[in-house]
Amino acid sequence: MKRIKTLMLLMVVALTAVSLQSCDNDDDDDYPEFNLATVTLKAPTVDGGKWFMQLDDSTALEATNIASHPYDNKELRAYIRYNDIKDMTNAPTSRSTIQKMYSVNVLTIDTILTKKMDPMVENTAEEYGNDPVEVVNSWETVAEDGYMNIRFRTRWGNNIKHRVTLVHRTDAEDPYTVEFLHNANGDTNGQVADGMVAFRLDDCFNEGNKPIEITLKWKSYSGEKSAKFKYIPRKD
């Protein structure tokens, strides 16, 4: 299963929308072994169906211990801790895009700031900010299931709200180029810390049936940078 790692210690993500509680593993009874993953919390696809968690482009999880969607059927990206994995791949399902299905016991759900992309404007830096930011090369930074997840690193800590934006660069030669922009609102001298955000990719990234390559650009502390991500168009 993609992106599943058995951990005994959670990282702390310093973003107001995400906060994971670290744990001491000296007492196995209080802190059982668990898996950590990023998922999409999705509403039932049919009336009377179950809510589920999309793990990757073809794998879904169902919570055995949470009957209804915990956020009123609002689709969000989230971190989950879970255990007691049981294979349900051969069980009947109405979800045509799912190839693997597992039932799990969910220990915690911590939502990730989940946003739409913003439209490209004449001066993107002036409109959305031009402060430096680092995109962290992490298993969390990925394009999947209709989203671009970005773990980022910058300076903050003065109780000032930062803004992060993802824009589709329609002026680029590559039609699948996006730009990550950061507006620190003057909060540029705080401590170095990480944040996490998920952007719902525009429909144009999901029009075809074949995998595409998305180019992500951003202004780092050492200059302009870019990275490429393989992406399978979402079909639901």
Side-chain angles (χ1 to χ4, degrees), residues 1-23 29-117 139-140 142-151 195-203 205-206 232-236:
M1 294 170 64
K2 181 184 176 189
R3 302 297 183 194
I4 303 178
K5 296 187 177 180
T6 301
L7 304 175
M8 295 307 296
L9 181 68
L10 282 178
M11 64 196 73
V12 175
V13 181
L15 183 64
T16 55
V18 172
S19 178
L20 298 181
Q21 183 177 7
S22 63
C23 63
D29 292 333
D30 291 336
Y31 300 105
E33 187 170 321
F34 60 85
N35 298 298
L36 171 67
T38 55
V39 298
T40 309
L41 308 179
K42 291 187 174 181
T45 56
V46 295
D47 291 340
K50 295 181 179 180
W51 77 282
F52 64 104
M53 298 164 286
Q54 190 87 24
L55 179 64
D56 59 28
D57 297 293
S58 60
T59 307
L61 308 176
E62 285 189 355
T64 58
N65 59 323
I66 305 175
S68 58
H69 194 292
Y71 296 95
D72 296 324
N73 288 339
K74 183 178 180 180
E75 184 169 305
L76 296 168
R77 292 289 284 175
Y79 291 102
I80 61 168
R81 286 194 309 142
Y82 64 99
N83 57 17
D84 294 341
I85 305 166
K86 295 181 176 61
D87 193 342
M88 296 176 58
T89 299
N90 295 323
T93 177
S94 61
R95 304 168 196 137
S96 60
T97 60
I98 300 302
Q99 298 176 14
K100 297 179 182 179
M101 173 71 75
Y102 299 87
S103 68
V104 298
N105 177 63
V106 177
L107 301 172
T108 61
I109 299 176
D110 296 277
T111 58
I112 295 169
L113 175 63
T114 306
K115 302 180 64 176
K116 295 180 179 180
M117 295 181 68
W139 63 271
E140 300 153 288
V142 65
E144 64 181 7
D145 190 35
Y147 291 89
M148 171 66 75
N149 287 3
I150 300 175
R151 182 177 174 91
M196 186 71 186
V197 60
F199 294 97
R200 180 66 185 263
L201 292 168
D202 290 343
D203 290 342
F205 290 85
N206 298 296
I232 298 175
R234 176 169 163 168
K235 297 298 177 187
D236 66 342

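Residue numbers start at 1 and run along the sequence shown. All of these numbers come straight from a predicted model, not from anything done at the bench.
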With rounding to the nearest 0.5 angstrom, report the CG to OG1 distance, Leu41 to Thr111. 8.0 Å
Is Trp51 reaching over with its side chain to a backbone N or O of Ile66, donor-acceptor style, under 3.5 angstrom? yes
Measuring from Asn105:CG to Leu61:CG, what's the distance to the nearest 0.5 Å? 12.0 Å
Of all heavy-atom pairs between Val104 and Met53, which one has the smallest distance, and what is that distance? CG2-CE, 4.0 Å
Verify the neighbour count for atom CG of Asp87: are there more than 12 heavy atoms of other residues, nucleotides or ligands below 6.0 Å? yes
Determine whether Thr38 and Ile112 make a side-chain contact, defined as any pair of heavy atoms from C-beta on separated by less than 4.5 Å. yes
Closest approach of Glu144 to Leu55 (non-hydrogen atoms, all atoms of both residues): OE2-O, 3.8 Å
Distance from Tyr79 atom OH to Met196 atom CE, nearest 0.5 Å? 4.5 Å
Side chain of Asp57, backbone of Asp145: donor and acceptor closer than 3.5 Å? yes
So which atom in Glu62 and which in Met88 form the shortest heavy-atom distance, rounded to 0.1 Å? OE1-CE, 3.9 Å
Say you draw a straight line from CG of Asp110 to CZ of Arg81; how long is it, rounded to the nearest 0.5 Å? 8.0 Å
Would Met117 and Phe205 count as a side chain to side chain contact (heavy atoms under 4.5 Å, CB included) if you check the C-alpha gap in whole Å, the side-chain angles of each, and the deciding distance to 0.1 Å? CA-CA 12 Å; Met117 295 181 68; Phe205 290 85; 4.2 Å; yes
Considering only heavy atoms from C-beta outward, does the side chain of Thr108 approach that of Phe34 to under 4.5 Å? no
Taking all atoms of both residues into account, what is the closest heavy-atom pair of Lys100 and Thr89, and its distance? CA-OG1, 3.7 Å
Ignoring hydrogens and angles, tell me if any N or O in the side chain of Asp72 forms a donor-acceptor pair with the backbone of Lys74 under 3.5 Å. no
So, Thr114 and Arg77: side-chain donor and acceptor under 3.5 Å apart, yes or no? no
How far does OG1 of Thr59 sit from CD of Gln99, to the nearest 0.5 angstrom? 7.5 Å
For a side chain to side chain contact (heavy atoms under 4.5 Å, CB included) check, start with the C-alpha distance between Asn83 and Glu33, then their side-chain angles and the critical distance, and finish with the verdict. CA-CA 7 Å; Asn83 57 17; Glu33 187 170 321; over 6 Å; no
To the nearest 0.5 angstrom, please state how far the CG atom of Asn149 sits from the OG1 atom of Thr40. 7.5 Å
Is the side chain of Lys42 donor-acceptor paired with the backbone N or O of His69 at a distance under 3.5 Å, no angle test? no
Of the non-hydrogen atoms in Tyr71 and Leu76, which two are nearest, and what is the gap between them? CG-CD1, 4.0 Å
Salt bridge (Lys or Arg N to Asp or Glu O under 4.0 Å) evaluation trace for Arg234 with Asp236: CA-CA 6 Å; Arg234 176 169 163 168; Asp236 66 342; 2.5 Å; yes
Can you check whether Asn65 reaches Tyr82 side chain to side chain, under 4.5 Å on heavy atoms? no
